[in-house]
Amino acid sequence: MTATTTRELVGIDERRLLRRLDDLAQRGALPRGGIYRPLYSPAWSSAMDLVTAWMKEAGLLTRRDAVGNVWGRIEGSRGGRVIATGSHIDTVRGGGALDGALGVVAGIEAVSSLWQRFGRSTRILECVAICEEEGSRFDTNFWGARAIADRLEPGEADRVRDADGVTLAEAMRAVELDPTTAASAVRRDLDSFIELHVEQGPVLEDHGPRLGVVTTIAGTAHLEVTVRGQPDHAGAMAMDRRRDAFLGAAAMALAIADAAVRMGHPAVATVGTMAVEPSQVNVVPGLARFTVDTRHPDPARRSELITQIGDASKRIASERGLSLEIRTLRDRPPVTLSPRVTDVLRRAALAAGVEPREMTSGAGHDAQVLTAAANTAMLFVPSIGGRSHCPEEATAAEDVVLGTRVLATALRDLAYQA
Ligand code: HGY
Ligand code: MN
Ligand code: MN
């Protein structure tokens, strides 16, 4: 059998796809709802074993790379550069069943279906379960995609720790990976990479259509702000003599959100963590430390927002007699995806009768890092209620199927050329 070059949509095993998404959602399921699959944890290993078994079941050549990304491959008859698809297996704390998981399961389904229906491709075709994207466990993110794109930092595995003080290198050894070989996960042979993902916002649901293609992914800056005041007795120190670090941090959090509101959509700024010291009920906090996640797709506007966040924090610190330190944890610029591969996706969507919406992604994705290694494109399906990074994250089954069929069609068009 040969693959058709007409605009027919590729068929997949819809029930298998939906059942596998449910099965994967059990790995790392939390007792009170939501999922947590932190990098190199038992839940993560169990999820990786499951997807590896699915790749093997389909007859794909399967291998785990030096950081734990798992690849399944159809050896193309003509060799050359590789066509790939996939997403990440890890989740945020209390996350949902689709962020990352959809792109992994749909990628395996698409490649398996192409193999079953059309046999060997002309180009090499691979699906991948990327080990980590979310930065949930370690103070790092995009670990898997950065390894593929040769963007690991020297000494990173020994430097970066989780909340228990375990280094990334130690966690790797615990799952039988050798951190000294991490750099060998690099791929210099990729041609194209497509990531299917849930939108994680309300645009497609509110305005349609049922598919989106991403043109730009917003740049993200993560800051750590440390505010120092003076610890004092909560009963004995008068209110007007305090230098309460937490109250300063709280005022800063409000001003930071306000800066994004004043700049207007799609500017965003989020204070996602806040810790105080000494963290005791009867002590005025002497120290507060919080993180800021701020994003904008336009580099100039993003810089402006970061400046405003710094200025507002400094003003508040000085008004309250507090000292301030702002550290940039990471700063990832906005990226533009490949018009050529996006057009392949767009034509595949048209075969399904959908003219996809061109979109900017406020969320970060492996695809943005992989632009350094491949011509990269992203396909979005709607998120019910625009919800994501929460247990309620969901997409209608028919949209999951539609997205996967369009993905399979685009991969066919790229990998089964005459
Ligand atoms: O933070 C992000 O945008 C992604 O979900 N990791
Ligand atoms: Mn996410
Ligand atoms: Mn994701």
Side-chain angles (χ1 to χ4, degrees), residues 21 24-25 28 34-39 44 47 51 69 85-107 128-146 148-149 151 193-201 203-204 212 214 216-224 260 266-273 291-297 302 329-335 337 359-371 376-383 386-395 400 403 407:
L21 282 168
L24 186 53
I35 298 167
Y36 188 34
R37 283 196 296 267
L39 179 64
W44 175 93
V51 302
N69 299 317
T85 185
S87 191
H88 57 99
I89 200 87
D90 71 317
T91 71
V92 293
R93 231 171 264 274
L98 296 174
D99 179 2
L102 174 63
V104 171
V105 178
V128 60
I130 295 175
C131 63
E132 192 267 357
E133 186 261 7
E134 298 284 11
S136 306
R137 176 174 175 190
F138 292 96
D139 184 19
T140 185
N141 63 3
F142 296 113
W143 175 246
R146 286 192 295 114
I148 296 166
R151 292 288 187 277
F193 178 80
I194 302 181
E195 183 172 6
L196 170 63
H197 208 281
V198 284
E199 182 204 326
Q200 310 182 276
V203 176
L204 292 175
V214 177
T216 306
I217 300 178
T220 302
H222 286 170
L223 313 174
E224 183 188 74
V268 286
T270 306
V271 173
T273 73
T291 53
V292 183
D293 172 311
T294 186
R295 311 183 189 206
H296 201 292
R302 194 176 71 107
L329 298 176
R330 58 193 63 88
D331 191 356
R332 308 210 191 277
V335 299
L337 300 188
M359 308 182 69
T360 293
S361 175
H365 297 288
D366 291 310
Q368 81 194 65
V369 175
L370 292 176
T371 53
T376 297
M378 281 197 85
L379 181 66
F380 272 179
V381 289
S383 291
R387 304 290 312 280
S388 185
H389 279 187
C390 58
E392 293 77 16
E393 178 180 271
T395 292
V400 166
L407 173 67

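As the structure lists them, so they are numbered: ligands from 1, and atoms in each ligand from 1.
Rounded to the nearest 0.5 Å, atoms NE2 (His222) and CG (Asp293) are 3.5 Å apart. Distance check: Leu39 CG to Ser136 OG gives 9.0 Å after rounding to the nearest 0.5 Å.
Minimum interatomic distance between Leu370 and Thr376 (heavy atoms only, all atoms of both residues): O-OG1, 3.4 Å.
Of all atoms in ligand 1, numbered sequentially from 1 with element shown, those under 4.0 Å from a heavy atom of His389 are 5 (O). With ligand atoms numbered from 1 in the order given, ligand 1 contributes 3 (O) to contacts under 4.0 Å with heavy atoms of Ala363.
Considering backbone and side-chain N/O of Gln200, none are found under 3.5 Å from N/O of ligand 1. Close N/O approach between Asp99 and ligand 1 is not found [any backbone or side-chain N/O within under 3.5 Å]. The shortest N or O to N or O distance between Glu133 and ligand 1 is below 3.5 Å.
Residue contacts with ligand 1 do not include His365, since none of its heavy atoms lies under 4.0 Å from the ligand.
Residues Phe142 and Arg332 have side chains in contact (heavy-atom distance under 4.5 Å, counting atoms from C-beta outward).
At a threshold of 2.8 Å, the Mn ion (ligand 2) has a backbone or side-chain N, O or S atom of His389 nearer than that distance.
Of the heavy atoms in Arg295, only side-chain atoms (C-beta onward) come closer than 4.0 Å to ligand 1.
In this structure, Asp99 does not pair ionically with Arg387, as no charged nitrogen and carboxylate oxygen lie closer than 4.0 Å.
Rounded to the nearest 10 degrees, the angle NE2 (His197) to the Mn ion (ligand 3) to OD1 (Asp99) equals 80°.
Within Glu134, OE2 is the N, O or S atom that lies nearest to the Mn ion (ligand 2).
For the residue pair Ser383 and Glu199, no side-chain donor N or O sits within less than 3.5 Å of a side-chain acceptor on the partner.
Checking side-chain atoms of Asp90 against main-chain N and O of Glu133 turns up a donor-acceptor pair under 3.5 Å.
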